[in-house]
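To start, the structure itself, in structure tokens.
For this chain, numbers begin at 1 and follow the sequence in order.
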Amino acid sequence: MADRAQTIIPDSHRAMPVELERDDTVRRAVVRIARVLRDHLEANRPVAMDGRNVEGVHQVRVALRRFRALMGLLRRDYPSATLDEAAARARMLARTVGEARDWDVFMLETLPGLSPLGRAGINVAGLLPPLANPLRDAAYERVRQVLGGEDAEWILHLMDRLAEGALWDEARSPAGLKALEEPAADFAARHLARLHRKARRTGRGFTRLTPPERHGVRLALKKLRYASEFFVTLHAPGQKGGAFLRRLAAAQATLGMDSDVLTTGRLLERFDGEAGGEMRHVLGAVSGFLCCRQDATRDEAHRQWRRFRRTPVFWA
């Protein structure tokens, strides 16, 4: 299983835009969003379990992140033990799928990017892949177990109920049920404004932030991006929301190096028990190389952050 096919995954297996209508209520908007999330997860679960196309695991991870983002929005306004359980189960699945995805990125992107070290005589290619491949295969085995297990089935069943509007048939307070009839545009504007404020607050004093703090900015931007993708058609049909989403995605992407370095450092810790001075030398060289590359992206990340902060929001 070490060599996995890099075939192109069909567009039908990727996250599709959520098409909402201006007069949708929260209840109706959740139905539409849930259908997209369910179809996205259902299409990619067998691909991820098969394991030969790494895009399957990546898309399942995205589907679970989007689902958790939706749960985060709903739980703030409509407290529910069912939604709490959904968030907890999705977090567990995402953690397992995320580990496999991290090893994929390490093998397919990080290691090839370390080729300058090889030209300098540091034996990265000879030492790290033989150690990483068994760990990657073990992570994929855990993916097959959890995606074929009770938690994944439970989440898919919940998505079905959300997509059919049936979840809200559970006993709830009259006030809670009435709140579901709130215009989705109002719900979206309130939460998008909150997430936007939080992202700007997290990135305050950007040039003084440490790498872990910049990683926190990226996470805040990611939550804002998922919510924006859910609701952009309510406030900015056509291309009106495109500029905001592009700037948001660009800022998130330039901060990806901080995430990559943190993740790679965690993966490299798995090799610390390997004896030998050469291994210690290689691990030190890799860590230093990635930190230098991270530092080199700081100015670009700051530039993209400034551009994002100046971009008008689409829901105002």
Side-chain angles (χ1 to χ4, degrees), residues 11 14-26 28-37 39-40 58-59 61-77 182-207 209 213-260 297-316:
D11 284 344
R14 299 179 184 276
M16 294 290 103
V18 179
E19 297 294 339
L20 301 181
E21 297 180 1
R22 185 67 184 176
D23 60 351
D24 277 340
T25 63
V26 172
R28 184 59 183 161
V30 170
V31 166
R32 295 178 188 272
I33 295 169
R35 287 173 180 169
V36 173
L37 298 183
D39 293 347
H40 189 203
H58 174 54
Q59 292 296 327
R61 189 185 198 186
V62 171
L64 289 169
R65 282 175 169 173
R66 286 164 62 87
F67 177 70
R68 291 176 63 195
L70 178 62
M71 294 300 97
L73 295 174
L74 292 175
R75 290 165 68 204
R76 295 184 70 91
D77 287 11
E182 175 188 14
D186 294 347
F187 174 90
R190 183 171 68 254
H191 285 287
L192 288 168
R194 173 181 59 81
L195 292 170
H196 189 248
R197 287 194 302 271
K198 182 176 180 179
R200 288 171 61 94
R201 184 171 62 250
T202 305
R204 190 174 297 155
F206 189 90
T207 57
L209 298 181
E213 288 170 337
R214 290 199 303 271
H215 178 60
V217 176
R218 184 170 184 264
L219 294 179
L221 291 175
K222 186 176 296 185
K223 291 180 180 180
L224 175 59
R225 183 179 178 184
Y226 289 142
S228 297
E229 290 171 344
F230 288 155
F231 298 116
V232 66
T233 56
L234 283 175
H235 290 273
Q239 300 299 315
K240 292 183 180 179
F244 180 85
L245 287 173
R246 285 192 298 272
R247 294 282 177 85
L248 175 55
Q252 182 184 331
T254 58
L255 288 166
M257 179 55 68
D258 295 309
S259 175
D260 291 345
T297 65
R298 184 187 298 266
D299 289 344
E300 176 62 15
H302 186 215
R303 186 176 75 86
Q304 293 294 347
W305 171 252
R306 291 199 311 270
R307 293 185 70 193
F308 164 72
R309 290 183 72 252
R310 293 195 298 265
T311 303
V313 301
F314 62 82
W315 58 85

Work out which heavy atom in [X] is nearest to a heavy atom in [Y]; give both atom names and the distance.
X	Y	value
Leu255	Ala301	CD2-CB, 4.2 Å
Ala29	Asp24	N-CB, 4.4 Å
Gly203	Val217	CA-CG2, 3.7 Å
Ala199	Trp305	O-CH2, 3.2 Å
Gln304	Ala250	OE1-CB, 3.5 Å
Phe308	Ala251	CB-CB, 4.2 Å

Backbone N or O of [Y] within a donor-acceptor pair of the [X] side chain at under 3.5 Å?
X	Y	answer
Arg200	Arg309	yes
Thr233	Val18	yes
His196	Leu224	no

Report task. Decide yes or no on side chain to side chain contact (heavy atoms under 4.5 Å, CB included) for Ile33 and Phe231, but give the supporting numbers first. Result -> CA-CA 9 Å; Ile33 295 169; Phe231 298 116; 3.9 Å; yes
Could you tell me the separation between the [atom1] atom of [X] and the [atom2] atom of [Y], rounded to the nearest 0.5 Å?
X	Y	atom1	atom2	result
His235	Leu192	NE2	CG	6.5 Å
Arg68	Leu37	CZ	CG	13.5 Å
His40	Arg66	NE2	CZ	7.0 Å

Query - Polar contact flag, side-chain donor to acceptor under 3.5 angstrom, Arg298-His302 - result: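 The answer is no; no qualifying pair exists.
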Query raised in the report: Would you say the side chains of Arg194 and His191 form a donor-acceptor pair under 3.5 Å?
Result: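 There is such a pair between these side chains.
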Query raised in the report: Taking the side chain as C-beta and beyond, is there a heavy-atom pair between Val232 and Leu245 under 4.5 Å?
Result: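 Contact flag for Val232/Leu245 side chains = yes.
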Report task. Would you sort out whether Leu248 and Leu221 count as a side chain to side chain contact (heavy atoms under 4.5 Å, CB included), showing the intermediate values? Result -> CA-CA 7 Å; Leu248 175 55; Leu221 291 175; 3.6 Å; yes
Report task. Step through the shown structure and confirm whether more than 12 heavy atoms of other residues, nucleotides or ligands are within 6.0 Å of NZ on Lys223. Result ->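 Check fails, neighbour count at 12 or below.
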Query raised in the report: More than 12 foreign heavy atoms under 6.0 Å from CZ of Arg76: is that the case here?
Result: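 It does not: Arg76 CZ has 12 such atoms or fewer within range.
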Query raised in the report: Between Asp258 and Arg218, is the closest basic N to carboxylate O distance under 4.0 Å?
Result: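 Asp258 and Arg218: not salt-bridged.
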**Report entry** NZ/NE/NH1/NH2 to OD/OE distance under 4.0 Å, Arg32 and Glu21
**Finding:**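 Here Arg32 pairs with Glu21 in a salt bridge, since their nearest N and O are under 4.0 Å apart.
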Report task. Please name the residue in the list Leu74, Leu73, Thr25 that meets the side-chain contact (heavy atoms from CB on, under 4.5 Å) test with Val30. Result ->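 Answer after filtering Leu74, Leu73, Thr25: Leu74.
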Report task. For the pair Phe230 and Val36, evaluate side chain to side chain contact (heavy atoms under 4.5 Å, CB included) and give the outcome as yes or no after the intermediate values. Result -> CA-CA 10 Å; Phe230 288 155; Val36 173; over 6 Å; no
